[in-house]
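Heads up: the structure comes next, in C-alpha cells.
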Amino acid sequence: MSNTPQTIAAHEQILHFPKGQKPSLSPNEWLIWSGSQDEGGLPNLEHGKKKVLVPFSWWVQHYHEDDIQSKAKAGNIGVWFAADEDILKHADLIEQGKAVWPVVAAHFPIFRDGRSFSTAALLRDRFQWSGEIRAIGDVLIDQLLQGARVGFDSFALRPDQKTDVALKQFDLFSVTTQNSWRDKRATLSA
Amino acid sequence: MYKYDHIDQTLVDQRVAQFRDQVARRLDGSLAEEEFRPLRLQNGLYHQRHAYMLRVAIPYGLFNSKQLRTMALIAEKYDRGYGHFTTRQNIQYNWVTLEDTPDILAELAKVEMHAIQTSGNCIRNITSDAFAGVAGDEYVDPRPVCELLRQWSTLHPEFAHLPRKFKFAINGAKEDRTILLCHDVGIELKKNTNGELIADIYAGGGMGRTPILGALIKTDLPWQLLPSYLTALLRVYNRFGRRDNLYKARIKILVKALSPEEFARQVEGEWLHIKNGDDNFTQAEWDRVAKHFTKPAYKNLPKLSDEQIINAASETEKASFARWLERNVKSHQVPGYASVILSLKPHGSVAPGDATTAQMLAIADLADQYSFGELRATHEQNLVLADVEQSKLYALWQEAKKQKVALPNIGLLTDIIACPGGDFCSLANAKSLPIAKAIQERFDDLDYLFDLGDISLNISGCINSCGHHHVGNIGVLGVDKDGEEWYQITLGGEQGNDAAIGKVIGPSFYADEIPDVMTNIINTYVERRSHDESFIETYRRLGVVPFKEAAYKNAKKKEKAEVAGDAS
Ligand code: HEM
Ligand code: SF4
C-alpha cells in the first residue's frame, strides 16, 4: 500500500458536490504535490496550475517560511492529510490553517482504506471546517456516496473512473438511518 | 417482531438497485474484480471453492414464517434446494450465481430482508440471544436496542471501510447465550436501581488466530447514548486499527496493544466531544421501534407439569417424547408456554445447520400454527419456535419428527457446531463436515448421549474459527501440514457466563483417528466424573492431563512435530 499520491497529480476535472447543491464537474485549479524533494521541492507555482495542495506534514515543517506564507496568503496553498495523519495532534496548526487554506484534502492510499472518512468527519465536526474537503488518491465511484456523507464535497476521481456514472451516485438513496455531516437520519414525520 | 416502515423499505429497495448496478458494471468489465470484491462482500456475496455464496442477514436471529418461505423458495429457485443456518444467526446459500444475486436480493426485499453488511470490513449483522423476549432469566429484552443499532449501523458511511470486520453481540439475560465476550463489541444490557436501561460495553473479544475474551471498557452507559459512544469507539478503531497486516487488523489487537484501559481512555476522550450531540437515540425512536417487540397475544393458561405434558403421549412414545422435552424444550416467561428448539443436527446425514426447501416450508407452517408465525435462529445453528403452548407440545413434536428436526440432541455431543470447511470454503485447511458426520455416527446412541449430558463440540476448518472451536468444550481445528489434512484438538473452551478459550492438547491427528480420539476423551470423562458432574466441570477439576493421555493412547500415526498453535 503506497501512502503517497503521485509526485504531482493534476486532475483535469474535479467532481464538486457542495452541501445542498447538485454534483457537477468543473475544471481543476489544484495540483497535488506529494512532498517529494526529488524534483526540487514545492512545484513552481508560476507555471501551469497556480495552486498547490501540500502534504500537511510538509506544512508543519515549512509553514513559517516567508515564501510559503506569502503564497498561502495569496490563496495558493492548501494541505492534504495522509490517511495515517493524526490530525487531532495538530489542532493548533489546523485552527490557524483554517484562516488561509482555500481547500484541504484527505488521501485514500487505496479505496478500501476508510481512515480518511474519519479525518473528514473530524474536520467537519471537531474543527468546524466549512471550506472544501477534497478526496484524493484512489477515489472510486463506489466510495463517493460515503465520502459525500462524512464531509467530502469534492472528489479528484482516479483517472479511469467514468464521470457520468460517478455523477449518478449521489442520489441513489433518498433516506439514511444515521446522521452525517450532509444529512440527518430520516424520521417518519419528515 | 419489527416491521419495516417506509424508511427501512426504501433503503433496502434502493440498496438492491445500487447493487444491481454494481453487478452490471462488474459483468460489463468496467468494475475490476479487485474493486468489486469489497462491494460484493458488503452485500454478503463471497466467492467460495465452487461458486458464489450469498449470506443473508437475519438481524439478531429473528424472522417470521413469511420470510422463511422466501428463504425456502430462494433455495429452490437459485440454489440446490437447501440453505445453511450459520453461527452468526444468518442463512447462507452455497450455489448462487453473480447474475442472479440482484434478483435474489429483490425477492428478499419484498419480505423485509437483505444481505447488507453480512460480510466485509464493516459493522456486521448484529447477533443476540435466540431466546430474547421469552427467556425466564432475562433482565431486559434486547431486541429494541438490537433493532435501533441495526438501523444506526446500516450503511454507516464513516465505518464502511474499517480495518477489518466488526461484530456486535447484545445480551440482556442473566445467562449469556451470545458468546458476548468473543465479539469485537459486546453490549450487556441491564437496568439500574431507578429502572433505567443501561449498558456495559466489552471490547476487543474475538476468535480467529488470536482468540481473546473482550475487556470491560465502559459501565452503566445510558441506552440513549449508544450511538455516540459507539461512534467514538469505532472512530478510534477506524483511525488506529492496524491496516498493514490482515491478521492483526481486528480491534482485539488494538485493544491488546494499547491495553483495555488506554483504549477505553481514548474512546472516552473522543466521546467527550460528541456525547451531547444529536446522534443519540431519542425516546421517540425507542417508542417507534419498541412497539414492535411487545408480547404476542398470550392466552391465560395454566402452567403444566412435565408429567401433564408427557401424558399427552401414548405409552410407547412416552419415553422418547420425554427426552425431547428434556433437551429441546426450554422454560418460558409466561405460564403455559414453552420454547422449542428444532434440531438441525440429524446424525450423520446433513451438514450441521442445513435445512432443505421442504423443511423450511414445513417449519414455516409450524411457526404459524404453533408460535405466532415467528422463529429464531440460534448461533448453535438450530431453529427456535419461541412461544409454543405447553398443551400443544406433543402435537408439535409429531410434526417435527416428520420433518426430521426433532432429534433430542440439543446441547449434547452431536449438536455439533461446524463451519462449511473444505467442502465449500476456499480458505479451509481441512474439511469439517466429514468430521462432524463421523463423530455423529460414532455417538449415535441416544441413551449414551443423554448419559453424557451437556457437552459442546465445535469444529472449524481453519483458524478463522467460523465454527467457534475455541469455545467448544471440545474443539476441533483443521490444520494443514505438508498438504495433508490434520486436526488439532482443544479442550476446556466454554461459552456463556464462564466463557473460556480452549487449550490445545498437543500434536494433531489424522481425520480417521478423530472418532477414536473422541471416544477416548469421552471415556475418560465417564470414568472420572463424580456424580452429576458435567464434562466441563470434570475437565476443570482434573485439568488437561488425563484427557490428553487418553487422547494419545493409541494414536497410530502421531504427527512428528507439533503443529504451531495460535502463536500469533
Ligand atoms: C465462504 C465461506 C466463509 C469464508 C470465506 C469465511 C471467512 C472467514 C474469515 C476470513 C474469518 C476470520 C476473520 C478474522 O479473524 O478477522 C471468519 C470468521 C468467522 N466466520 Fe467465517 N467464513 C465463511 C463461512 C462462515 C460460515 C458458514 C459461518 C457460520 C457457520 C461463519 C462464521 C464465522 C464466525 C462466527 C467468525 C468469527 C470468528 C471470530 O470472531 O474471529 N463463517 N470467517
Ligand atoms: S473456519 Fe476456515 S474453513 Fe471454516 S468456513 Fe471459516 S474460513 Fe472457511
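Contact of A:D86 with chain B is made through backbone and side chain together, with heavy-atom distances under 4.5 Å. Looking at A:L88, both its backbone and its side chain come within 4.5 Å of chain B, counting heavy atoms on both sides. Looking at A:K162, the atoms closer than 4.5 Å to chain B (heavy atoms on both sides) all sit in the side chain, from C-beta outward. Neither the backbone nor the side chain of B:Q9 comes within contact range of chain A; no heavy atom of the residue lies under 4.5 Å from a heavy atom of that chain. Looking at B:E270, the atoms closer than 4.5 Å to chain A (heavy atoms on both sides) sit in the backbone and in the side chain alike. Both the backbone and the side chain of B:D278 come within less than 4.5 Å of a heavy atom of chain A.
Residues of residues 149-161 of chain B lying under 4.5 angstrom from chain A, judged on non-hydrogen atoms, are B:Q151, B:W152, B:S153, B:T154, B:L155, B:H156, B:P157, B:E158, B:F159, B:A160, B:H161 in numerical order. Among residues 89-103 of chain A, no residue has any heavy atom closer than 4.5 Å to a heavy atom of chain B. Within residues 22-29 of chain B, the residues having any heavy atom less than 4.5 Å from a heavy atom of chain A are, in residue-number order, B:Q22, B:R25.
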Could you give the side-chain donor-acceptor pairs of residues 129-140 of chain A under 3.5 Å, partners two or more places apart or in another chain?
{"unit_1": "A:W129", "atom_1": "NE1", "unit_2": "A:G131", "atom_2": "O", "d": "3.1"}
{"unit_1": "A:W129", "atom_1": "NE1", "unit_2": "A:E132", "atom_2": "O", "d": "3.1"}
{"unit_1": "A:E132", "atom_1": "OE2", "unit_2": "A:R134", "atom_2": "NE", "d": "3.1"}
{"unit_1": "A:E132", "atom_1": "OE2", "unit_2": "A:R134", "atom_2": "NH2", "d": "2.9"}
{"unit_1": "A:E132", "atom_1": "OE2", "unit_2": "A:S154", "atom_2": "OG", "d": "2.6"}
{"unit_1": "A:R134", "atom_1": "NE", "unit_2": "A:S154", "atom_2": "OG", "d": "3.2"}
{"unit_1": "A:R134", "atom_1": "NH1", "unit_2": "A:N28", "atom_2": "OD1", "d": "2.9"}
{"unit_1": "A:D138", "atom_1": "OD1", "unit_2": "A:R158", "atom_2": "NH1", "d": "2.8"}
{"unit_1": "A:D138", "atom_1": "OD2", "unit_2": "A:F111", "atom_2": "N", "d": "2.9"}

Exercise for the section: Test salt bridge (charged side-chain N to carboxylate O under 4.0 Å, His left out) on A:R185 and B:E285 and set out the steps. Expected result: CA-CA 11 Å; A:R185 57 192 185 267; B:E285 286 170 304; 2.6 Å; yes

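Contacts with chain B were tallied for A:L145, A:D142, A:L172; A:D142 has the most, counting heavy-atom pairs under 4.5 Å.
Counting only distance, with no hydrogens or angles, the side chain of B:D279 and the backbone of A:N179 share no donor-acceptor pair below 3.5 Å.
Across all their heavy atoms, B:N238 and A:R115 have their closest contact at O-CG, 3.2 Å.
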